[in-house]
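Just so we're clear, the structure is a prediction, and the values are computed from it rather than from any experiment.
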Amino acid sequence: MSVKVRFAPSPTGRLHVGNIRAALVNWLFAKQQEGVFILRIDDTDRDRSTKENEDAIHEDLKWLGLNWDETFRQSDRFDRYNAVVADLKAKGLLYPCFETTEELDMKRKIQMGRGMPPVYDRAGLSLTNEQITAFKAEGRKPHWRFRLTTPARVEWTDLIRGPVSIDMESVSDPILIRADGSFLYTLPSVVDDVDYKITHIVRGEDHVTNSAVQGQIFEAIGGKMPKMAHFAMLAGKGGEALSKRLGSMSIGSYRDEIGLEPMSVISLLGRLGTSLPITAFLNPQELIETFDFSTFSRGVAKLDPQEIEHLNAKILHQTSFNDVIDRLDGADENFWNAVRPNIKKLSDIKEWARIIEGPVTPLIDNPEFAHAALEALPQGEFNASTWKDWTNRVKETTGIKGKELFKPLRLILTGQGFGPDLGTLLPLIGRETAIKRLQGEEA
RNA sequence: GGUCCCUUCGUCUAGUGGCCUAGGACGCUGCCCUUUCACGGCGGAAACACGGGUUCGAGUCCCGCAGGGAUCACCA
């Protein structure tokens with residue numbers, strides 16, 4: 001049977017590294033198995049879901065190259081969910097509850113205070129008809145809970161965590177329908193997984209208890225629980241939960257503000273927290289081939305944003321001219337090859353372009369040296385051997401060599417102490433500009 | 001607080017009782033290349049949280065302790 005997986009983001013915000021990891025892991029698995037990767041938009045929360053966020057999700061996934069085979073919105077399937085609800089009610093598996101959020105909060109606090117797990121007491125289950133009519137007369141509307149069946153534990157063999165066993169005594173009957181009649185994600189998710197014949201649910205470990213609950217819902221609606229794989233969460237550099245500082249950083253900002261290559265993100269997230277080495281990949285092929293649930297660690301991995309930047313630089317250093325040609329604003333191959341080893345982000349090329357074209361303020365420590373260098377400048381158009389010829393002549397006439405020779409010339413010609421190989425840079429700067437800079441003029 | 005999970009170099013990790021004087025990758029660092037920096041190539045330093053057991057022998061098994069993560073929403 002061919003694999004079918006889904007990535008199910010909620011369009012209530014922008015995608016961040018945590019989301020992307022979930023998307024990537026599902027995508028890699030699907031690609032490797034030659035299966036189907038579904039993008040499901042979990043927009044049951046109509047108030048917080050927006051079209052803008054949905055568009056942004058599409059944009060971000062496309063940028064990363066995580067193409068999907070199928071996509072749909074949960075909000076288009078409310079009829080189907082309602083039908084399932086009717087069925088569940090008929091089976092007596094759904095029961096109305098009238099507590100307010102505050103009342104539930106209070107109950108939980110009391111339980112916690114007594115050292116008890118904050119599990120719903122199922123008060124709604126024992127409501128008399130009189131009580132129910134009274135609540136309704138008060139204007140209260142019910143929310144609906146799913147009656148968890150009695151087996152003490154729900155168990156499965158997780159592709160990442162191994163044998164999992166959840167004590168259902170510590171889990172509350174899940175609310176499936178809000179008082180306003182809208183769905184929480186719990187039921188639609190299960191219904192969709194059944195209807196779309198999802199074979200593997202691959203998501204973060206924050207969902208393990210949900211999986212136990214949903215396992216029972218799968219059975220209740222006549223479906224079968226797919227194979228499960230729960231990967232560990234990611235933490236920030238210092239071990240803090242990824243949610244705040246880093247997690248709040250949308251993938252869009254990696255692209256737009258920091259200007260990173262998508263493959264740097266893919267390279268890191270595809271390997272972080274696994275036993276496979278983190279490497280700068282130019283394309284996802286090897287990641288797809290080597291993908292393996294058994295390499296995933298059960299512990300929380302720390303993500304250092306610097307690692308993405310390192311990978312980004314390495315990727316750029318290996319990127320050929322043809323692969324960036326349409327992002328170079330018309331710059332030619334000589335320029336790219338000269339500048340490539342010295343950039344960390346693609347946008348760094350702007351700075352080198354400026355250094356070539358000017359204006360650059362030459363840094364001259366020793367005017368005599370600058371003068372001597374100017375005198376030694378070869379005639380004619382600059383070419384690939386100009387630099388070597390020139391520096392040889394400067395060495396002969398001044399007796400200066402090595403670092404003492406190159407460093408000052410670099411500072412004069414570029415205003416920088418470091419940079420691309422001057423042999424290739426010099427012809428790009430050109431004779432006229434070079435002369436001006438050697439004379440100490442800004443050019 | 002209940003439940004579940006984790007704890008080996010700075011970081012991601014290999015390791016399922018002797019093959020471990022603990023291996024790889026990133027980072028760091030040294031050397032080489034380049035008559036300079038960077039790029040690249042080749043080396044190096046660097047870890048079994050702690051305390052008890054079990055065993056001829058423990059990173060590897062057991063117990064404890066400490067630390068960390070997840071979850072316990074009318075969010076997903």
Side-chain angles (χ1 to χ4, degrees), chain A residues 8-13 19 42-45 48-49 74 97 99-101 104-105 108 111-120 141-145 161-162 164-172 174-186 188-189 203-210 212 230 232-235 237 239-242 268 271-280 295 297-304 306-307 310-311 313-314 316-318 339-343 388 391-392 395 400-411 414 416-423:
Chain A
S10 195
T12 53
N19 294 323
D42 278 18
D43 57 350
T44 55
D45 188 337
R48 297 195 304 141
S49 298
Q74 292 192 318
C97 300
E99 295 92 345
T100 61
T101 312
L104 289 172
D105 246 13
R108 278 190 287 266
Q111 286 170 312
M112 297 267 270
R114 286 186 189 153
M116 294 164 63
V119 176
Y120 180 60
K141 292 221 164 66
H143 54 277
W144 295 76
R145 286 188 191 257
R161 321 188 100 213
V164 174
S165 172
I166 303 292
D167 176 13
M168 297 314 279
E169 292 296 316
S170 66
V171 180
S172 300
I175 299 174
L176 261 31
I177 304 169
R178 297 187 182 88
D180 68 3
S182 63
F183 294 101
L184 276 103
Y185 110 107
T186 312
S189 180
R203 53 188 358 179
E205 70 177 354
D206 50 335
H207 280 286
V208 292
T209 326
N210 284 331
H230 295 88
M233 305 274 82
L234 258 22
K237 197 182 173 186
E240 73 279 8
L242 200 53
L268 210 225
R271 286 283 174 89
L272 183 68
T274 76
S275 56
L276 269 11
I278 295 167
T279 321
T295 63
S297 165
R298 298 215 268 166
V300 175
K302 298 188 192 71
L303 182 146
D304 182 350
Q306 272 240 306
E307 283 213 69
H310 282 132
L311 289 169
K314 289 219 172 195
L316 253 12
H317 296 161
Q318 297 171 53
V339 142
R340 182 173 71 162
N342 279 272
I343 58 175
K388 199 169 176 71
T391 51
N392 275 329
K395 187 170 79 176
I400 297 171
K401 59 180 180 177
K403 197 171 192 166
E404 304 309 312
L405 173 65
F406 291 96
K407 188 93 178 215
L409 284 176
R410 178 178 287 286
L411 286 168
T414 68
Q416 307 286 327
F418 61 92
D421 177 42
L422 280 169

A.B. asks: So what does H143(A) touch, heavy atoms closer than 4.0 Å: a base, only the sugar-phosphate, or nothing?
C.D. replies: base

A.B. asks: As a test of reading the structure: which of U13(B), U71(B), C75(B) is closest to the side chain of L184(A), going by heavy atoms?
C.D. replies: C75(B)

A.B. asks: Looking at A38(B) and H317(A): do their rings stack (centroid distance under 5.5 Å, interplanar angle under 30°)?
C.D. replies: no

A.B. asks: Could you measure the distance from the CG atom of D304(A) to the CG atom of L268(A)? Nearest 0.5 Å is fine.
C.D. replies: 8.5 Å

A.B. asks: Between C12(B), A73(B), C75(B), which one does the side chain of I175(A) approach most closely?
C.D. replies: A73(B)

A.B. asks: Which base, if any, makes a Watson-Crick or G-U wobble pair with G1(B), both distances under 3.5 Å?
C.D. replies: C72(B)

A.B. asks: For residues S182(A) and R178(A), is any side-chain donor paired with an opposing acceptor at under 3.5 Å?
C.D. replies: yes

A.B. asks: Counting side-chain heavy atoms from C-beta on, which of G2(B), U35(B), C5(B) comes nearest to P117(A)?
C.D. replies: G2(B)

A.B. asks: Mark yes or no for a side-chain to base donor-acceptor pair under 3.5 Å between R410(A) and C37(B), with no hydrogen or angle criteria applied.
C.D. replies: yes

A.B. asks: Side chain of P341(A): nearest nucleotide among A76(B), A38(B), U71(B)?
C.D. replies: A38(B)

A.B. asks: Return whichever of T274(A) or A179(A) has its heavy-atom-nearest nucleotide of RNA chain B closer to the 5' end.
C.D. replies: T274(A)

A.B. asks: Taking only the P atom of each, what is the distance from G57(B) to U71(B) in whole angstrom?
C.D. replies: 44 Å

A.B. asks: Quote, to the nearest angstrom, the P distance that separates C19(B) from C61(B).
C.D. replies: 15 Å

A.B. asks: Counting only heavy atoms from other residues, nucleotides and ligands, does the tally under 6.0 Å from CD of Q318(A) exceed 12?
C.D. replies: yes

A.B. asks: Does C37(B) have its OP1 or OP2 closer than 4.0 Å to a side-chain nitrogen or oxygen of K407(A)?
C.D. replies: no

A.B. asks: Please give, in whole Å, the distance from U11(B) C1' to I278(A) CD1?
C.D. replies: 8 Å

A.B. asks: P atom, C5(B) versus C9(B): distance in rounded Å?
C.D. replies: 23 Å

A.B. asks: Any idea which of U13(B), G1(B), A76(B) is nearest the D42(A) side chain?
C.D. replies: A76(B)

A.B. asks: Under 4.0 Å between any heavy atoms, over every strand shown, what does G115(A) touch: base, sugar-phosphate, or nothing? Just pick one.
C.D. replies: sugar-phosphate

A.B. asks: Partner of C33(B) by Watson-Crick or G-U wobble geometry, both contacts under 3.5 Å, or none?
C.D. replies: none

A.B. asks: Can you tell me how far P of G10(B) sits from CD of E307(A), to the nearest Å?
C.D. replies: 15 Å

A.B. asks: For K395(A) and S165(A), take the nucleotide of RNA chain B holding the closest heavy atom to each; which residue's nucleotide lies nearer the 5' end?
C.D. replies: S165(A)

A.B. asks: Give me the distance, rounded to whole Å, that separates U29(B) from A45(B) when you measure between the C1' atoms they each carry.
C.D. replies: 7 Å

A.B. asks: Could you go through Y120(A) and C97(A), starting from their C-alpha distance and side-chain angles, then the distance that decides it, and tell me whether this counts as side chain to side chain contact (heavy atoms under 4.5 Å, CB included)?
C.D. replies: CA-CA 11 Å; Y120(A) 180 60; C97(A) 300; 3.4 Å; yes

A.B. asks: If the C1' atom of G44(B) is compared with that of G23(B), how far apart are they to the nearest Å?
C.D. replies: 16 Å

A.B. asks: Under 4.0 angstrom, heavy atoms only, what part of the nucleic acid is D180(A) near: base, sugar-phosphate, or nothing?
C.D. replies: nothing

A.B. asks: Hunt down the Watson-Crick or G-U wobble partner of A45(B), both distances under 3.5 Å, from any strand shown, or write none.
C.D. replies: none

A.B. asks: Taking the minimum atom-to-atom distance to the side chain of N392(A), which one of U35(B), U36(B), G27(B) wins?
C.D. replies: U35(B)

A.B. asks: Between F418(A) and C37(B), do the rings stack, that is, sit under 5.5 Å apart with planes less than 30° off each other?
C.D. replies: no

A.B. asks: Rounded to the nearest Å, what distance is computed from the CG atom of residue D304(A) to the P atom of nucleotide C26(B)?
C.D. replies: 15 Å

A.B. asks: For K314(A), report the nucleic acid contact type (base, sugar-phosphate, nothing); a contact means any heavy atom under 4.0 Å.
C.D. replies: sugar-phosphate

A.B. asks: How far does the P atom of A38(B) sit from the matching atom of U16(B), given to the nearest Å?
C.D. replies: 41 Å

A.B. asks: What nucleotide, of U11(B), C5(B), A14(B), holds the atom closest to the side chain of R161(A)?
C.D. replies: C5(B)

A.B. asks: Would R271(A) and T274(A) count as a side chain to side chain contact (heavy atoms under 4.5 Å, CB included) if you check the C-alpha gap in whole Å, the side-chain angles of each, and the deciding distance to 0.1 Å?
C.D. replies: CA-CA 5 Å; R271(A) 286 283 174 89; T274(A) 76; 4.0 Å; yes

A.B. asks: G10(B) and U55(B): how far apart are their C1' atoms, nearest whole angstrom?
C.D. replies: 35 Å

A.B. asks: Side chain of T101(A), heavy atoms from C-beta onward: which of U35(B), C74(B), A14(B) has the nearest atom to it?
C.D. replies: C74(B)

A.B. asks: H143(A) pairs by side chain to side chain contact (heavy atoms under 4.5 Å, CB included) with which of L104(A), T101(A), I177(A)?
C.D. replies: L104(A)

A.B. asks: Could you work out the separation of G53(B) and G67(B) based on their C1' atoms and round it to a whole Å?
C.D. replies: 22 Å

A.B. asks: Side chains of N19(A) and P9(A): does their closest heavy-atom pair fall under 4.5 Å?
C.D. replies: no

A.B. asks: Among the nucleotides C74(B), A76(B), C37(B), which one has an atom lying closest to any side-chain atom of R145(A)?
C.D. replies: C74(B)

A.B. asks: Please give the nucleotide sitting opposite G67(B) as a Watson-Crick or G-U wobble pair, both distances under 3.5 Å, or none.
C.D. replies: C6(B)

A.B. asks: Using Watson-Crick or G-U wobble geometry with both distances under 3.5 Å, which nucleotide pairs with U21(B)?
C.D. replies: none

A.B. asks: Contact class for R108(A) vs. all strands (heavy atom < 4.0 Å): base, sugar-phosphate, or nothing?
C.D. replies: sugar-phosphate

A.B. asks: At 4.0 Å (heavy atoms only), tell me whether Q416(A) reaches a base, stays on the sugar-phosphate, or touches nothing.
C.D. replies: nothing

A.B. asks: Nearest-Å distance, CG (D45(A)) to C1' (A76(B))?
C.D. replies: 9 Å

A.B. asks: D167(A) CG to U3(B) P: how many Å, rounded?
C.D. replies: 8 Å

A.B. asks: Find the distance E404(A):CD to C37(B):P and express it as a whole number of Å.
C.D. replies: 12 Å

A.B. asks: For the pair made of CE in M112(A) and P in A73(B), what is the distance, rounded to whole Å?
C.D. replies: 9 Å

A.B. asks: Could you check V208(A) against R161(A) for side chain to side chain contact (heavy atoms under 4.5 Å, CB included), going step by step and ending with a plain yes or no?
C.D. replies: CA-CA 10 Å; V208(A) 292; R161(A) 321 188 100 213; 3.7 Å; yes

A.B. asks: Can you tell me the distance, in whole Å, between the NE2 atom of H230(A) and the C1' atom of G69(B)?
C.D. replies: 15 Å

A.B. asks: At 4.0 Å (heavy atoms only), tell me whether L409(A) reaches a base, stays on the sugar-phosphate, or touches nothing.
C.D. replies: nothing

A.B. asks: Tell me whether the side-chain N/O atoms of T44(A) come closer than 4.0 Å to OP1 or OP2 in A76(B).
C.D. replies: yes

A.B. asks: Quiz question: going by heavy-atom distance under 3.5 Å, is there a donor-acceptor pair between the base of A73(B) and the side chain of D105(A)?
C.D. replies: no

A.B. asks: Are any of R298(A)'s side-chain N or O atoms less than 4.0 Å away from OP1 or OP2 of C5(B)?
C.D. replies: no

A.B. asks: What distance separates H317(A) NE2 from R340(A) CZ, expressed to the nearest 0.5 Å?
C.D. replies: 9.0 Å

A.B. asks: Taking donor-acceptor contacts at under 3.5 Å, does the side chain of T391(A) reach the base of U35(B)?
C.D. replies: yes

A.B. asks: Report the nucleotide, chosen from U35(B), C12(B), A76(B), that has the shortest atom-to-atom distance to any side-chain atom of F406(A).
C.D. replies: U35(B)

A.B. asks: Between T391(A) (side chain) and K388(A) (backbone), is there a donor-acceptor pair under 3.5 Å?
C.D. replies: yes

